[in-house]
Every structure is written in structure tokens, then in C-alpha cells.
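Within every chain, numbering begins at 1; the chains are lettered A, B, ... in the order of the sequence lines, protein sequences first and strands thereafter.
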Number of protein chains: 4
Amino acid sequence: MAEGASEAIGGIAAEALQQYVDRIEKLEEEKKALAEDIKQVYSEAKSTGFDTKILRKIIALRRVEEHERKEQEELLDLYKRAIGME
Amino acid sequence: MAEGASEAIGGIAAEALQQYVDRIEKLEEEKKALAEDIKQVYSEAKSTGFDTKILRKIIALRRVEEHERKEQEELLDLYKRAIGME
Amino acid sequence: MAEGASEAIGGIAAEALQQYVDRIEKLEEEKKALAEDIKQVYSEAKSTGFDTKILRKIIALRRVEEHERKEQEELLDLYKRAIGME
Amino acid sequence: MAEGASEAIGGIAAEALQQYVDRIEKLEEEKKALAEDIKQVYSEAKSTGFDTKILRKIIALRRVEEHERKEQEELLDLYKRAIGME
DNA sequence: CTGCCATTTTACCGGC
DNA sequence: GCCGGTAAAATGGCAG
């Protein structure tokens, strides 16, 4: 079997599958690393006297506000297009 | 008080808090971007004929295999330490 | 209205709600009792000289092994169905 | 090696360990079954038109009320003993 | 009492 | 568009 080639079972498909699995796992690894970084920051905040529970609430609150802001923008865009303002 | 300087509002170090919020939000943004990338890859795999349910199951299986491996190592380490081999 | 009969308070079937609450609370009570039993066993093991950390790790390892087995079975089922073997 | 006996490695300890593992796993299995029963009840409630999120809130609320009630009772007992009423 | 782990709750995403 | 299951976030509990 030639170098670099996947198993003959499934042929090309097996190789493509392998690549998808690899790509996904790599991305998930990076994602996990970021999750750990975030935990780290919370931990650091805690050690400097902040209440992480409240800090989390703040983050969550800002998240929904950001979400609302986007929805309003989208609504505005919709209106604009409706009256030919785009 | 000089301009630009932070102060404690209600006993809270406002500037430090702001920085923590900023850092966390930045990391979460990156994390979210990665989540979207992952979704993208699944979508691409699907469009080239793969069954995403199977693909997800493969990823899940590999994840739990990795987890098992780690648990084994940790147990082994505990045994070693228990008999003074560390 | 006859005594003992339920009625809809604010459009809610009060009696049915009460029964669901009762059933859930009863089950949760039993669940909590089991959690205490488990703690008890760990405590007993510790008092007879076992390292609970190792014991917990063994349990964790066996749990993840079982999980892996299930994932394998499920993946196999998916494969079978994919090739019309169901 | 006689039937029914554990491996000689670790002698008696291995057998005792096995028993602890068995007992814990059995209890955890029962606990898991109860957790599934609870989910089942929520699901049933949902299918008869209840909002499970609110139902969960009710359960949680009653739990803290029960907790408060117990604390008050304990406080009362403390007072009683303090003045020789026990 | 602090960090860690399990559980629980919430949010999301794909399928029907 | 809902519903089911799946992953994320948050909370609580427990051991050290």
C-alpha cells in the first residue's frame, strides 16, 4: 500500500473520514483550551477578591444585552429594506 | 482625583473588574468562533455524503477512549504512590 | 363545588400539579437516601484501611469503561443501519 | 486456588475491595434508576401541559423552604436546651 | 475553607 | 415550528 494512503476498506471515503475526524478533534482541543483559560481568569479574579458568582452574572447579563442589541439591529435593517433604504 | 484614574465604586475596584470582564468576553468570543468552525466541518462532511450522526458518534467514542486512558494512568499513579514508587 | 374535587386555579389543574410535585419529591428523597448510603460505604471502606481516593478512581474507571462499551455498541448499530442490516 | 476466593495478590484486601466496589456500584445503579424515574415524571407532566421549567422551580422552592424549616427547628431546640427545657 | 468534582439546569442544534 | 437529545454553564456538595 502506498505511503500516506488510508486503508483500502472504504477507499477514498476512509481517508476523507479520517481528515474530518482530525479537523474536528483539533478544533475541539483548541476550544477546550480556551475553556480552561476562561476558568483561569475567573480563578484569578476570585483570588483578587471578586465574587465569581456575581462576575458570572455580569457576563451573562451582558451576553443577553448584546443579543438584544443585535436583534434590534436586524429589525432595523428589515425595516430599512422594507422601505427601500438599503 | 486625577482624570483617567480608577476608583472604588461602592468598594469595588471598577477598573480591575472591567479588565476581567473584557478578558473573559474576548476568550468566550474566540471559543464561540471555534464552535462555529466545528459546526462548519460537520456541515461540510454532511455535504460530501457522510452521516453526521455516525461522525459524531465516532468523535464521542474516541473521546471516551481517551478519557479511559487518562483514568487508567491516574489510577496507576495512585497505586505507585500508595506503595512508595513515586 | 363539591368538597374534595379539584379545580383549575388560574387555569392550572391544581390537583394534577400537586400529584406531580408529590411524586417527584418522594423520588428525590429516595435518591438522596441512596447518596447517603454511598457516602456511608466509602466511609466504611476508609475506616477499614482503604484509600478512598483510589477506590473512587476505580469506580470512575469502571464507569468510563462501561460508557465506552455502550458507545461502541451504538456506533456498531449505526453502521448496521447504514448498510441496511437492521 | 480455592473457588470463590479473590486473587492472592493483596490477599483478603482484594476481596474486601471487590465487595466495596460492588456495593457502591449497586447503589449508584439504583440512584441512576431513580434519576431516570424523576425525568420520566417531568416528561409526563410536560405531556399533560405543564411547563417543566416552572415545575422545577416549584420543587426547588419547596426544598429551600423545607431547609429553612429544619434550621428553625434546630434553633428552637438549641434555645430549649439553653434554658434546660429538653 | 478552598478547590475540585458531580449534578443540575440552561441553551442549542439538528431532525421531523 | 416543535421536540428530542446533546453540549455548556452554573450551582452545590464533598474531600482534603
Residue pairs meeting side-chain hydrogen bond (donor to acceptor under 3.5 Å, both in side chains), one or both in residues 35-44 of chain D, sequence neighbours left out, come to C:Arg23-D:Glu44
For DNA chain F, the residues among residues 28-51 of chain B that have a non-hydrogen atom under 4.0 Å from it: B:Lys31
Whole angstrom value for the distance that separates [atom2] of [N] from [atom1] of [X]:
X: C:Leu55; N: E:dC5; atom1: CG; atom2: P; value: 16 Å
X: D:Lys53; N: F:dA9; atom1: NZ; atom2: C1'; value: 13 Å
X: B:Ile59; N: E:dC13; atom1: CD1; atom2: P; value: 18 Å
X: B:Ile54; N: F:dT6; atom1: CD1; atom2: C1'; value: 18 Å
X: B:Ile24; N: F:dA9; atom1: CD1; atom2: P; value: 12 Å

Which residues satisfy the salt bridge (charged side-chain N to carboxylate O under 4.0 Å, His left out) test with C:Glu65, sequence neighbours excluded? none
With A:Asp77 via side-chain contact (heavy atoms from CB on, under 4.5 Å) - residues at least two apart: A:Lys80, A:Arg81
Residues passing the side chain to side chain donor-acceptor pair (under 3.5 Å) test with A:Lys26, sequence neighbours excluded, are A:Glu30
Please state whether the phosphate of F:dA15, meaning OP1 or OP2, lies under 4.0 angstrom from any side-chain nitrogen or oxygen of C:Arg56. yes
Determine all donor-acceptor pairs shorter than 3.5 Å in which one atom belongs to a side chain in residues 52-62 of chain C; sequence neighbours excluded.
residue	atom	partner	partner atom	Å
C:Lys57	NZ	B:Glu71	OE1	3.1
C:Lys57	NZ	B:Glu74	OE1	2.5
C:Arg62	NE	D:Glu25	OE1	3.4
C:Arg62	NE	D:Glu25	OE2	2.6
C:Arg62	NH2	D:Glu25	OE1	2.9

Measure the CG-CD1 distance between D:Leu17 and D:Ile12 for me, rounded to the nearest 0.5 Å. 12.5 Å
Pairs satisfying ring-ring contact (aromatic ring centres under 6.0 Å, His included), at least one member in residues 47-86 of chain C, at least two apart: C:Phe50-D:Tyr20
Go through residues 62-76 of chain B and report each residue with a non-hydrogen atom lying under 4.0 Å from DNA chain E, sorted by number. none
Give one of base, sugar-phosphate or nothing for B:Lys57, where a contact means two heavy atoms less than 4.0 Å apart. nothing
Test question: given the 4.5 Å side-chain rule for I, L, V, M, F, W and Y, name all other residues clustered with A:Ile83, or answer none. A:Met85
